[in-house]
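Numbers here simply count residues along the sequence, with the first being 1. The figures here come from the full heavy-atom set of this structure, side chains too, leaving out hydrogens, waters and symmetry mates.
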Amino acid sequence: MFLAGGAIFGFGLALSGMSRPEIVLSFLRFDDLGLLLVMGGAVLVALPFYHFWKRPLLADSPQPFAAAANRRTLAGSVIFGLGWGIAGVCPGAAIASLGTGNYPIALAIIGMFAGAYAQGRISLLQESAPAKSPTPSTHG
């Protein structure tokens, strides 16, 4: 089922032009807002599935995610946006772009994996670092 969903997703990205960096960059420059219609149409099609499909596909029960607007979210958004603007594709579209014969995009995909790996390693190091406690005062 997941393979079929991924294939449909990739086909849709390629068919809509979202796998072509020049179209995505044109959208990001507000020259061509056609991708806004593609994304809006995709949300309208997917929304009923999320609303009416009660059995989760990947977990025993739905796990709510509480989004938080904090420094990490803001920094990640800025970094993601920079990468998106430089490469001209988002992660899903980059992978679909390989299927359309755009093999140089493999460098951007390698960069995405390297960035995600680096962030994961940094997070592990931060979590395993001992918590800094205030030093006791020796005044007296």
Practice task
Any chance you could measure Leu15, atom CG, to Ile8, atom CD1, to the nearest 0.5 Å?
Solution key: 12.5 Å
Problem - Side-chain donor/acceptor of Ser26 to backbone N/O of Glu22, under 3.5 Å - result: no
Exercise for the section: Mark yes when over 12 heavy atoms from residues, nucleotides or ligands other than Arg29 sit less than 6.0 Å from its CZ; otherwise mark no. Expected result: yes
Exercise for the section: Starting at CG of Leu13, measure out to SG of Cys90 and round the result to the nearest 0.5 Å. Expected result: 7.0 Å
Practice task
Compute whether any side-chain donor of one residue and acceptor of the other, for Ser97 and Asn102, lie under 3.5 angstrom apart.
Solution key: yes
Exercise for the section: Report yes or no: do Leu35 and Phe30 belong to one cluster of Ile/Leu/Val/Met/Phe/Trp/Tyr joined by side chain heavy-atom distances under 4.5 Å? Expected result: yes
Handout entry: Side chain Ser16, main chain Gly12, donor-acceptor under 3.5 Å
Key = yes
Handout entry: hydrophobic_cluster_shared for Ile86 and Phe27, side chain cutoff 4.5 Å
Key = no
Problem - Ser123-Glu127 side chain donor-acceptor pair, cut-off 3.5 Å - result: no
Fill in the blank from the handout: Tightest non-hydrogen contact, residues Pro21 and Ala87, listed as CB-O, 3.9 Å
Handout entry: Enclosure of Phe80 CZ (heavy-atom neighbours >12, cutoff 6.0 Å)
Key = yes
Handout entry: In one Ile/Leu/Val/Met/Phe/Trp/Tyr side-chain cluster, 4.5 Å: Leu124, Ile122
Key = no
Problem - Contact summary for Asp32 and Gly34, nearest pair of heavy atoms - result: OD1-N, 3.0 Å
Handout entry: ILVMFWY network linking Leu25 to Trp84, side-chain heavy atoms under 4.5 angstrom
Key = yes
Practice task
Any chance you could measure Ser19, atom OG, to Ile95, atom CD1, to the nearest 0.5 Å?
Solution key: 12.0 Å
Exercise for the section: Report whether Leu98 and Met112 are members of the same hydrophobic cluster (ILVMFWY, side-chain heavy atoms less than 4.5 Å apart, transitive linking). Expected result: yes
Problem - Heavy-atom closest pair, residues Met18 and Val24 - result: O-CG2, 3.4 Å
Handout entry: Value rounded to 0.5 Å, distance of CG in Leu33 from CE in Met39
Key = 9.0 Å
